[in-house]
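Heads up, the thing below is written out as structure tokens.
Protein chains get the first letters and strands the later ones, always in sequence-line order, with residue 1 at the start of each. Side chains included, hydrogens not; waters and symmetry mates left out as well; all remaining heavy atoms used.
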Amino acid sequence: MNIKELLQDAIGQAAQDAMTDGVFCLPVLPPVMLEIPPQKEYGDYATNFAMQMARGAKTNPRKIAEAIVERLQFPWMERAEIAGPGFINFYLKPDWLYAMLSDIIAAGECFGQTDAGQGEKVQVEFVSANPTGPLHVGHGRGAAVGSALANLLQMAGYDVEKEYYINDAGNQMDNLALSVNARYLELLGIESDFPEDGYHGQDIIVTAQRIIAQAGDEYLKISQQERLDVFRELARQEKLSILREDLEAFGVTFDIWFSEKCLHENGEIAKTCKALQNNGFIYEQDGALWLKSTAYGDDKDRVVIRDNGVPTYLAADIAYHHDKFKRGFQKVINIWGADHHGYICRVKAAVSALGYNSDDLEVLILQMVNLFQGGEVVKMSKRTGQGVTLAELIEEVGCDAARFFFIMRSIDSQLDFDMDLAKSRSNDNPVYYIQYAYARIASVFRQLEEIDVSVDRKNAVNMELLTTSYELDLIKKMGEFPDEVASAAQERAPHRIARYAHELAGLFHSFYNQCRVIGVDPELQTARIALITAVQITIRQTLKILGVSAPEKM
RNA sequence: GCGCUUGUAGCUCAGGGGAUAGAGCAACGGACUUCUAAUCCGUUGGCCGUAGGUUCGAUUCCUACCAAGCGCACCA
């Protein structure tokens, strides 16, 4: 049952009837927007529908509202009032809440699932860090937000695939090989210059040490070029498996790991460039090939094949996006760091040039993360003197807190990550606040079992006994969940689920402090068991989206 | 200089044409012989960056300006 949709339909019908009766005249009715009013006194739902129509109908909005209210037929309606400039406030009979509560328990692990996304085939590509070193905290935000968004879309009825684009071609891989080579020689006591743009991280030394542990100075016997080829591949594999492990430890997995190198090797880049050359979007100048991205609003055209014949990163990205759309995704979502936003225009231009609708490529830009500890910005890891890695952060604050903190802000906002707060086991910490609500419910169930009270007698529940505002507010809030999931998915805004979870937990804690479950009148106890069963289900669903664990005990 | 994002309570942030602008923290005052006090209840706290414009109505949309972050390669 979706009370909101039913009410919307009833209002639409009433408006139609009013038009038939000649109260006002409009060629087409606007959609009925129902909202939860800012204050309880304004009822359970409200709409500005009459005000929306007043524009076109050139009629007093209050008059339209009256006509609608007079004709409205809705079984759960207690009364409807016209307020302010023309709002209609709807006050429903509490019965609808009881029906909703039963629905939640019946839905169980499926609660929140809707077909809002209509099975649309969506790809979410995120993290996609170069396999040249460890993930840092910025990647962590991308990983948490990307995986939560994928979960969210899935629950809202989209057909989701998660993908990691491995930038395993080009200069940075050569630099990686050169860096490993330099460390290798250095460790074997051979003097060598460290490459200027090399990777100075500790992890490169570890890689070189591993190579020595396995093969000693074996690689001194081959040419430098051959050695670099070997090291490039060895390092690539090692870095990749570390990335995969770190992400898995963070609760992040991918359906597909897509290699850039393959696009070079299997000729897809050349093929795509050829196609764009044929339809005039790639031209030659100064010995290089250029994408005519200015045709789609870019500041300047961009080189895709350098004058030395080597494709640029953009060339690979064009072929990559071509491949994505060829795979039949209706929406392609990329999550990029704010430092890549300047890149959006040219990739969208390429997508358009390839004959696709560039609106089907959605690039979500994630603003930067600043770590704070003791009120100070933490730029460097104490241990290594380099940027703080994701693995270090998880070790410090825990996986659950890290994920939640990364997700809880809108992606447009820079994130001030308060490590002290994330670590604190106190009421200040929103993660624990939510998990604690879940654990409290689990604890109540454990104690009920101890005194042999059955927890699944949901058929014989007299829900009408739930009458306090604490109980009714909880049910109301839970009832909003499927809608919240659908609209958060549509807005690509997983932070809304973090916020919702916090609000729901707050309502539960208030209830818990005010109403007892165990030991009250048996019928009321049964009803309250049903209530907290539903709360537990709903909190679990929110945590599932966020990728945060739901502890039975704390 | 150009572009993207942001400017809302002391702090961190939601909201996003409409009814008295919300939450958490901080500050202050209360609640544990009772299902976990990692909790709850209450109080205090706002020219929604500035100036114009559109609108019956703007914190929300538009323009300019100011401030912060991030970009502006034949790097990725």
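- With A:Asp168 as the partner, the side-chain hydrogen bond (donor to acceptor under 3.5 Å, both in side chains) test is satisfied by one option alone out of A:His264, A:Lys261, A:Arg232, A:Arg236: A:Arg236.
- The separation of B:A51 from B:G7, taken at their C1' atoms, amounts to 16 Å, rounded to a whole angstrom.
- In this structure, A:Met554 atom CE and B:A37 atom P are separated by 13 Å, rounded to whole Å.
- In this pair, A:Phe87 does not lay its aromatic ring on the base of B:G18; centres under 5.5 Å and planes under 30 degrees do not both hold.
- Using a 30° and 60° split on the angle between ring planes, A:Tyr164 and A:Phe254 fall in the perpendicular class, above 60°.
- For A:Met368, the listed nucleotide lying nearest its side chain is B:C70; candidates were B:A76, B:C70, B:G22.
- OP1 or OP2 of B:A14 sits under 4.0 Å from a side-chain N or O of A:Ser413.
- Between A:Tyr438 and A:Phe508, the ring centre distance reaches or exceeds 6.0 Å.
- Shortest non-hydrogen contact noted between A:Val369 and A:Gly138 is CG2-CA, 4.4 Å.
- Backbone-only engagement by A:Ala338 is indicated by non-hydrogen atom pairs under 4.0 Å involving sugar-phosphate atoms exclusively.
- Aromatic pair A:Tyr42/A:Phe87: ring centres not closer than 6.0 Å.
- If you check B:A76, B:G71, B:A14 against the side chain of A:Asp339, the one that comes closest is B:G71.
- Between B:A37 and A:Arg440, a contact under 4.0 Å exists linking OP1 or OP2 to a side-chain N or O.
- Nearest nucleotide to the side chain of A:Asp307, out of B:A38, B:C74, B:A76: B:C74.
- A:Asn334 and A:His321 share a donor-acceptor pair across their side chains, judged by distance under 3.5 Å alone.
- Atom CD1 in A:Ile269 sits roughly 15 Å away from atom C1' in B:C74 (whole-Å rounding).
- In this structure, the side chain of A:Asn370 does not engage the main chain of A:Asp416 through any donor-acceptor pair within 3.5 Å.
- Between A:Ala505 and A:Arg346, the residue anchored closer to the 5' end of RNA chain B is A:Ala505, taking for each the nucleotide with the nearest heavy atom.
- Residue A:His341 places its side chain closer to B:G3 than to any other of B:U6, B:C40, B:G3.
- Remark: B:C48 base-pairs with no nucleotide; criterion is Watson-Crick or G-U wobble with both hydrogen-bond distances under 3.5 Å.
- Counting only heavy atoms from C-beta on, A:Lys300 has its side chain closest to B:C74 among B:A14, B:C74, B:A19.
- Pair check for B:G42 finds B:C28; Watson-Crick or G-U wobble, both atom distances under 3.5 Å.
- The side chain of A:His495 contributes no N or O atom lying less than 4.0 Å from OP1 or OP2 of B:A23.
- Glycosidic conformation of B:C32 is syn; the angle stays within 90° of 0.
- Checked by distance alone, A:Asn89 brings a side-chain donor or acceptor within 3.5 Å of a matching partner on the base of B:A19.
- Residue A:Gln514 is out of contact with every strand shown, counting any heavy-atom pair closer than 4.0 Å.
- Comparing atom distances between the A:Thr312 side chain and each of B:A14, B:G69, B:A76 picks out B:A76 as nearest.
- Between the side chain of A:His502 and the base of B:G24 there is no donor-acceptor pair of N/O atoms closer than 3.5 Å.
- At the heavy-atom level, A:Ala46 lies under 4.0 Å from base atoms of the strands shown.
- Rounded to whole Å, atom P of B:A14 lies 13 Å from atom CZ of A:Phe404.
- Residue A:Pro85 is the one, among A:His509 and A:Pro85, whose nearest nucleotide of RNA chain B lies closer to the 5' end (criterion: closest heavy atom).
- In this structure, B:C72 forms a base pair with B:G1, meeting either the Watson-Crick or the G-U wobble geometry with both donor-acceptor distances under 3.5 Å.
- In this entry the distance linking CG of A:Asn370 with C1' of B:G69 reads 9 Å, nearest Å.
- Spacing between atom CG of A:Leu415 and atom P of B:U5 amounts to 19 Å, rounded to whole angstrom units.
- Regarding A:Asp418, its CG atom lies at a distance of 15 Å from the P atom of B:C11, rounded to whole Å.
- Residue A:Ser410 is in sugar-phosphate contact alone, with no base atom involved, counting any heavy-atom pair closer than 4.0 Å across all strands shown.
- Taking atom P on both nucleotides, B:G53 is separated from B:C70 by 35 Å, rounded to a whole Å.
- The nucleotide whose nearest atom lies closest to any side-chain atom of A:Asp412 is, among B:C74, B:A38, B:U6, B:U6.
- Side-chain proximity of A:Gln172 to B:C35, B:C13, B:A76: nearest is B:A76.
- Scanning both residues, A:Ala83 and A:Asn89, for their nearest heavy atoms gives CB-ND2, 3.5 Å.
- When the C1' atom is compared between B:U44 and B:U60, the two are found 28 Å apart, to the nearest whole Å.
- With both ends at atom P, the span from B:U59 to B:G22 equals 15 Å, rounded to whole Å.
- Ring stacking holds between A:Tyr42 and B:A19, with the centres under 5.5 Å apart and the planes within 30 degrees of each other.
- When the side-chain nitrogen and oxygen atoms of A:Lys348 are compared with OP1 and OP2 of B:C4, none of them lie within a distance under 4.0 Å.
- In this entry B:C35 has no Watson-Crick or G-U wobble partner, no candidate having both defining distances under 3.5 Å.
- Of the nucleotides present, B:U6 is the one that pairs with B:A67 by Watson-Crick or G-U wobble criteria, both distances under 3.5 Å.
- Residue A:Asp416 contributes atom CG, which lies 16 Å from atom P of B:U6 at whole-angstrom precision.
- Under 4.0 angstrom from either OP1 or OP2 of B:A38 there lies no side-chain N or O belonging to A:Tyr438.
- Across all strands shown, B:G22 forms a Watson-Crick or G-U wobble pair, both distances under 3.5 Å, with B:C13.
- Contacts of A:Tyr343 with the nucleic acid, taken as non-hydrogen atoms under 4.0 Å apart, include base atoms.
- With ring centers used as reference points, A:Tyr45 lies 6.0 Å or more from A:Phe90.
- Within the 4.0 angstrom heavy-atom criterion, no nucleotide atom of any strand lies near A:Met408.
- Side-chain proximity of A:Gln367 to the nucleotides B:C70, B:U5, B:A14 is greatest for B:U5.
- Going from atom CG of A:Asp299 over to atom P of B:G3 covers 9 Å, rounded to whole Å.
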